[in-house]
Amino acid sequence: MITEKTLAREMAEHDWAQSPLGPREGWPPALRSTLALLLACPTPMFLAWGPDLLCFYNDAYRPILGYRSETALGRPFRDVWASIWSDIEPLVTTTLAGESCTVTDMRLDLSRQGRPEESWWTFTYSPVFDDAGKIAGLLCVTGETTARVVAERERAAAAERLDLALSAGNSIGIWDWDVLADRVTADTRFATLYGIDPDKAAAGASIAEFFAGIHPDDLSRVQSEVLDAVERCGSFRSEYRLLNAEGRVRWVSAQGRCIAGADGRCERFPGVSYDITDRMTSELAIRAAKAERDFVIDLTARQRVATDPETIIRISSEALGKRLGVNRAGFYRLLGVKQMRHGGSWTDGTLAPLTGVQAVSAFGARAEQRRRRGKTLVFSDSRHDNDGDLLAYAEDGVLAGLCVPLMNAGHWQAGIYLHHAEVRHWTPAEISLVKEVAEMTWLAVERAEALLRLSQRVDQQSVALAEATTEIKAEADRRSAAESQLRQLQKMESLGQLTGGIAHDFNNMLAIIIGGLNLAQRRLARGESDVGKYLDGAMEGATRAATLTQRLLAFSRQQPLSPKAIEPNKLVAGLAEMLARSLGELVQLETILSAGLWKAKADPAELENVIVNLAVNGRDAMPEGGKLTIETSNAYVDDAYAHEAELAPGQYVQIAVSDTGTGMSPDVMAKAFDPFFTTKSVGKGTGLGLSQVFGFARQSGGHVRVYSEVGHGTTFKLYLPRFWGDEPPTTVRSAPATLRQGKPSDIVLVVEDEERVRNNSVEALRELGYTVLHAASGAEALAIIEAGQDVTLLFTDVVMPGMTGRQLADRAAPLLPKMKIVFTTGYTRNAVVHNGILDPGTNFLPKPFGIDQLAAKIAEVLDA
């Protein structure tokens, strides 16, 4: 690469024989000496020699050529710098004519990297002479000034922008204080703000002349702040007022910083000041309005706690008088047409208080007429205002005053006055405040007087009430006895309805069971084997009896529940397809699922049963067809609703099932959740469906409410507690698995004190393929385990004499840590179910159960 060589070496190696100069040995001494000077100089230089102005240059000049450096040596000057020849040709011509040229900060586009660029150059062109003393070329000494030119340009632009910003701002002015010489120089804006002649401020003035423009109330504070900044040699920041010769006040914000000298003490103190009058005016107005509101609110609170009318008048007069800085404030009330009585008043001692009765014309006809018309009387100088009609005030020592009449149905009833012993101009804000205080004081006085009258009436009635107390108590005792008797009758009626309904339904089911079994026995005794339909009928009756029992348990809140975290939207969506098929073509099903729905805490299986139950009821209420809507939403139960529904207040998930059916009358709605109450025809329902819904809701910690209108439809709203925590949510139950057979290697120990129940369980499990052991008590089962018998699963009743199933499980588990346990019982108030809720992690199979249910539960536990 050429850049790795020096120009001297490059010149020596260059083939000059082909150039107009010929071989280097024949070059003239003048050219040789000039080249020696050029190559030795550290400053960028180039030489253009001969008629063709062939180019020579030194190492410092090489970067200026850029991409041209590989071909520039020995080429004509015009060809090398063809891109800028039009710019430099006049200079070249002048130089070759014998005149040197000096150029400063000339802009040239050298395109050193082959693309346009902005660059600035300072250079000189000098003529070069040959051995005969004739001009043979030119010598250039150059240097790039781009960085300086750009910096100066940007600095000028920044200064221009600053000047524009200062001019566009809120009269922003700049100062510079020479602390040692006490000489402040400032621009025109600063001088104008502080009322100083701009020429004098530009030349310099003492700090005292600038301090003279500061408001007297702020001067000492600002001087202290400036002195503190100088002593600390730190920063200064302050807001204060300026007062000009015409008395106009302007607010400014000033900021500055001290500059220390060699000894660390402040020598210079530059800074800026800018006008903040608009902002401060707004802030002061806001503060005044807030102070006024605070005053009104505080006075209202003081009036509210006072019960005596005179006390209310006194505290209101004093508060208003002190707030507005008047000499006297008070309240009066008219007595008839011509007189008024002065009530509580306040005075600072300058004016005597007004007391007793006074003629309404005491302060002149003009004042009386204006107040009778409900007009506020305002005057600043009673000696001259209103053509002298208010001289009566001046004679009483009152020069300025405000009087607000208080009207009732267009008639002058009372008023509030403010008197001042000196001339005073009342502002609109002050007049408005007095009117507001006058109105609210009058209302407070009327309220206190009404309470006093009420208290008097109450005292008068107390005697009559005391006389009636004995009679009322006796009547209350009689009513209480009658209500107690009525409640007992209602309780017995409800109990009779419940037991009658249970007896009726169980008798029907037992008749099916007994009849079917009797017919099956008779046929089997005759050797006939076609008894399937009788056994199926008996099984159906038994299943209906078991279902009735579960519904009774649900109503009585005795059904064992296993609550989990549920996502109600997924559960309802999972049921929708099944319901759409089962409800029939006449019913249009719609689901409205709320976004952002909380998780609910409930037993998912029972919740599905409840929704299906309500949906079927809705379908039955629409015999001609209609629309059934299931909607979910979040709900907050407040204290009032919670008290009414006997429910804990808080957050709940609501599931509403609505139909457009026949609706229910108020009488029917009142009995809707009663057991065995139904409006369906005989054989269409047991009357336990809605009572089961009610029992499930209450046992789950929730609530259910019905809304209905005859001819328009019914809505049931089910409230379930919101689930808190991170437990994974349960959605729709999966379809029951195919009945799974057991393995002989799975050993099941059945523990049941009722022999027939135990035998049925043992035979059923053996039928399913399990190896089965059995015991009649907990002690017998424990002895089998302690003897070393391996047991895969313990299937035990909970309620047994001697040792309960829970006690057996607690003692057997340490002996066989891998043994699974399934509890069974027909009654829930025991060791594994508390308040209707299964203990966490408990495997439970309620009685009665069929072989399918037994097989599913055992398989579920073993496969877990």
Quick one: pull up [atom1] in [X] and [atom2] in [Y] and give me the separation to the nearest 0.5 Å.
X    : Y    : atom1 : atom2 : value
L816 : L794 : CG    : CG    : 9.5 Å
T632 : N569 : OG1   : CG    : 4.0 Å
L589 : L583 : CG    : CG    : 6.0 Å
T771 : D790 : OG1   : CG    : 11.0 Å
T792 : D746 : OG1   : CG    : 5.0 Å
T629 : E590 : OG1   : CD    : 5.0 Å

Discussion item. Looking at R758 and E754, is there a salt bridge between them, counting it only when a charged N and a carboxylate O are closer than 4.0 Å?
Written reply: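 Looking at E754 and R758, the cut-off is not met.
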
Discussion item. Between E644 and R705, does any NZ, NE, NH1 or NH2 come within less than 4.0 Å of an OD or OE carboxylate oxygen?
Written reply: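 Salt bridge present between R705 and E644.
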
So do [Y] and [X] actually touch side chain to side chain, heavy atoms under 4.5 Å?
X    : Y    : value
L614 : I630 : no
I611 : L575 : yes
K601 : W724 : no
L607 : F696 : yes
Y770 : P744 : no
R722 : Y652 : no
V612 : M578 : yes
E606 : V610 : no

Mind listing the closest non-hydrogen atom pair of [X] and [Y] along with its distance?
X    : Y    : value
A775 : L749 : N-CD1, 4.4 Å
T591 : A576 : CG2-CB, 4.2 Å
K599 : V653 : O-CG2, 3.9 Å
G805 : F823 : O-CE2, 3.6 Å
A615 : L628 : CB-CD2, 3.7 Å
H774 : I784 : O-CD1, 4.1 Å

Donor-acceptor check, side chain of [X] to backbone of [Y], threshold 3.5 angstrom: yes or no?
X    : Y    : value
E752 : V757 : no
E780 : A776 : yes
S594 : L597 : no
D659 : K627 : no
K857 : L845 : no
S708 : M664 : yes
Q807 : T804 : yes

Worksheet item: Taking everything shown except R811 itself, do over 12 heavy atoms lie less than 6.0 Å from its CZ?
Response: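 Result for CZ/R811: open.
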
Worksheet item: More than 12 heavy atoms of other residues, nucleotides or ligands under 6.0 Å from CD of E786: is that the case?
Response: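 It does: E786 CD has more than 12 such atoms within range.
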
Discussion item. Walk me through whether Y636 and Q651 qualify under side-chain hydrogen bond (donor to acceptor under 3.5 Å, both in side chains).
Written reply: CA-CA 5 Å; Y636 181 80; Q651 295 177 343; over 6 Å; no

Item to complete: Kindly write out the residues that satisfy side chain to side chain contact (heavy atoms under 4.5 Å, CB included) with D753, not counting sequence neighbours, or none if the list is empty.
Response: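 Scan of D753 (side chain to side chain contact (heavy atoms under 4.5 Å, CB included), adjacent residues dropped) gives D797, M800, P801.
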
Worksheet item: Can V657 and K717 be said to form a side chain to side chain contact (heavy atoms under 4.5 Å, CB included), step by step?
Response: CA-CA 7 Å; V657 180; K717 291 186 177 181; over 6 Å; no

Practice prompt. Let me see the working for V750 and L765 under side chain to side chain contact (heavy atoms under 4.5 Å, CB included), right down to the final yes or no.
Written response: CA-CA 9 Å; V750 178; L765 289 168; 3.5 Å; yes

Practice prompt. Start with the C-alpha distance between N843 and I821, add both sets of side-chain angles, then the distance that settles side chain to side chain contact (heavy atoms under 4.5 Å, CB included), and finish with yes or no.
Written response: CA-CA 7 Å; N843 299 313; I821 302 171; 5.7 Å; no

Worksheet item: Should the pair Y641 and H703 be assigned to parallel (<30°), tilted (30 to 60°) or perpendicular (>60°) ring geometry?
Response: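 Taking H703 first and then Y641, their aromatic rings stand perpendicular (interplane angle over 60°).
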
Worksheet entry | Verdict with reasoning, L773 to V748, per side chain to side chain contact (heavy atoms under 4.5 Å, CB included) | CA-CA 6 Å; L773 305 175; V748 180; over 6 Å; no

